[in-house]
Amino acid sequence: SPASSPGSSACSGLSIHAAIQEQGLDPDTDLLLGSTRATWEDLCEVVVAWNGRFSAIPFLAEADAGNNLLTLAAFLGNAAQESADFVACEEYINPCQGVCSGGNAEDYRDALWGTCYQVPVPTADSFDKTGSLPADACGTSGQVTCVDWDGRPHSGDSCWYGKGALQLTWNCNYAKANTLLREIGLEIDICADPDSICTDGQTFWAGSLAYWMMSVSPYYLQDHRIDTAMNCIKSGCSAPYPGTWTGSGAAVRRANYQGYLSKLTGGTAPAPAPSPTPSCPTSSMTSASGSRSSSSRRWRRWSDRSRRTPW
């Protein structure tokens, strides 16, 4: 694994580690709610891999420690809502009873999206969002197959329903994330095999982090508000959200966020510190396309070189 050497923890190198220790938290129990889907170390290894490759736009690495806690709470608060408290990797599409998304596999057909804009083009330590691709951005809708949460087979552009901690959806977003996952050394191809997002704990987090860094972070870092994070995840955005967001799952997402802040800070949430102008990936467009912007270790050694579901 590129993230940590045997016997060491990737988590100890992250800025949030001190706060977690200070509050006496067990991250797997207190933050991931005892998930059997993924571990805290899985997330840390993905973050370390990301920050190693994209050092100009790292995750949880702002100079102000309080800002990093706000970001972690926003990321986990939304992920808990979308993954049913880190239990589900696949969207609970119909037919479904109980906790369901309400969506159908066919809701994410390529024709409903159109041209895929803002495709990341990796640079030395970041990426530009200057690329574009046709509606079948992955180029695999003609032959791809997948199996949903209930074991039902699907094929073609019915495979782009939600998967991962922050449910990655649509062909376009799979293609965008796939580019970045290769850059951080993750040896899966989510265009050829969409189900590979759910291979193990690291893949569960990786597509979600890629989506966050592409489509949420550039705007969230401007105000560090949960409303901006929720709006970017669920509706797509091109600027921070100015008011109180009340869309799908807002009450639960907000409650999750407040709960995480309470755990991480002992009850005293930090006020966002002014951030320098974010080093955001540049884009060939000013807004997102449509309403949505877009185990065994599977890492290569460095030397070898997340739109949303209606939860």
Side-chain angles (χ1 to χ4, degrees), residues 16 27 30-33 35 37-38 40 42-44 46-47 50 59-60 62 67-92 99-103 161-170 173 176-177 197-198 201 203-237 239-241 243-265 269 272 288 291-294 306-311:
I16 51 155
D30 297 320
L31 302 183
L32 302 189
L33 312 177
S35 172
R37 170 69 65 179
W40 181 247
D42 288 331
L43 175 58
C44 293
V46 172
V47 172
W50 177 277
F59 183 59
L60 299 177
E62 291 187 71
N67 281 356
N68 294 324
L69 297 180
L70 293 172
T71 298
L72 179 61
F75 180 83
L76 291 179
N78 279 287
Q81 163 68 3
E82 300 215 346
S83 64
D85 290 339
F86 312 109
V87 171
C89 185
E90 299 93 348
E91 178 184 352
Y92 289 155
V99 178
C100 308
S101 76
Y161 51 84
K163 301 179 187 70
L166 287 175
Q167 298 268 288
L168 190 70
T169 56
W170 298 97
N173 285 323
K176 291 177 180 180
I197 290 179
C198 301
T203 60
F204 173 77
W205 294 114
S208 303
L209 180 59
Y211 182 85
W212 177 279
M213 299 306 291
M214 284 188 295
S215 302
V216 182
S217 185
Y219 315 106
Y220 171 80
L221 289 181
Q222 296 178 45
D223 65 3
H224 294 88
R225 295 181 64 243
I226 184 59
D227 298 277
T228 291
M230 292 190 293
N231 182 55
C232 291
I233 288 170
K234 288 297 294 180
S235 303
C237 62
Y241 193 76
T244 300
W245 191 79
T246 58
S248 176
V252 175
R253 294 168 193 269
R254 196 180 304 278
N256 290 346
Y257 170 74
Q258 295 294 346
Y260 279 119
L261 278 183
S262 180
K263 290 179 180 180
L264 290 166
T265 65
S291 64
R292 302 173 174 89
S293 300
S294 85
S306 96
R307 183 319 316 151
R308 322 309 339 125
T309 31
W311 286 93

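Only heavy atoms go into these numbers, but all of them, side chains included; no hydrogens, no water, no symmetry mates.
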Minimal non-hydrogen separation, Ser208 against Phe75, with atom names = O-CE1, 4.2 Å

Does the pair Asn256 and Leu76 meet the rule for a side chain to side chain contact (heavy atoms under 4.5 Å, CB included), with working shown?
-> CA-CA 8 Å; Asn256 290 346; Leu76 291 179; over 6 Å; no

Any chance you could measure Leu69, atom CG, to Leu264, atom CG, to the nearest 0.5 Å?
-> 5.5 Å

Using a distance-only test with no angle check, is there a side-chain donor-acceptor pair under 3.5 angstrom linking Asn231 and Trp245?
-> yes

Might you point out which heavy atoms bring Tyr219 and Ala239 nearest each other, and give the distance in Å?
-> CD2-N, 3.6 Å

Heavy-atom closest pair, residues Ala177 and Leu168 = CB-CD2, 3.9 Å

The reported gap from NZ in Lys163 to CD1 in Ile197 (rounded to nearest 0.5 angstrom) is 6.0 Å

Between Leu72 and Tyr260, does a side chain to side chain contact (heavy atoms under 4.5 Å, CB included) hold up when you go through it step by step?
-> CA-CA 8 Å; Leu72 179 61; Tyr260 279 119; over 6 Å; no

Is there a donor-acceptor pair under 3.5 Å between the side chain of Gln222 and the backbone N or O of Pro218?
-> yes

Option from Leu43, Val47, Leu166 for which side chain to side chain contact (heavy atoms under 4.5 Å, CB included) with Leu209 holds = Val47

Identify, with sequence neighbours excluded, every residue that meets ring-ring contact (aromatic ring centres under 6.0 Å, His included) alongside Tyr220.
-> Trp212, His224

So CG of Leu261 and CG of Leu70: to nearest 0.5 Å the spacing works out to 5.5 Å

Sequence neighbours excluded, the answer for side chain to side chain contact (heavy atoms under 4.5 Å, CB included) partners of Arg254 is Ile226, Asp227, Met230, Thr244

Nearest heavy-atom pair of Trp205 and Val46: which atoms, and what distance?
-> CB-CG2, 4.4 Å

Sorted by chain and residue number, the salt bridge (charged side-chain N to carboxylate O under 4.0 Å, His left out) partners of Arg37 (sequence neighbours excluded) come out as none

Supply the atom-to-atom distance Glu82 CD to Cys89 SG, rounded to the nearest 0.5 angstrom.
-> 12.0 Å

Do Gln167 side-chain atoms and Glu91 backbone N/O form a donor-acceptor pair below 3.5 Å?
-> yes

When rounded to the nearest 0.5 angstrom, what is the spacing between CD in Glu90 and OG in Ser101?
-> 12.0 Å

Taking side chain as C-beta onward, heavy atoms only, is Pro272 less than 4.5 Å from Asn67?
-> yes

Point-to-point distance, once rounded to the nearest 0.5 Å, from CG of Leu31 to CH2 of Trp40 = 5.5 Å

Search all heavy atoms of Gly164 against all heavy atoms of Ser83 and return the closest pair with its distance.
-> O-CB, 4.4 Å

Between the side chain of Arg225 and the main-chain N/O of Tyr241, is any donor-acceptor distance below 3.5 Å?
-> yes

Atom of Ala38, atom of Phe204 and distance for their closest heavy-atom approach | CB-CD2, 3.6 Å

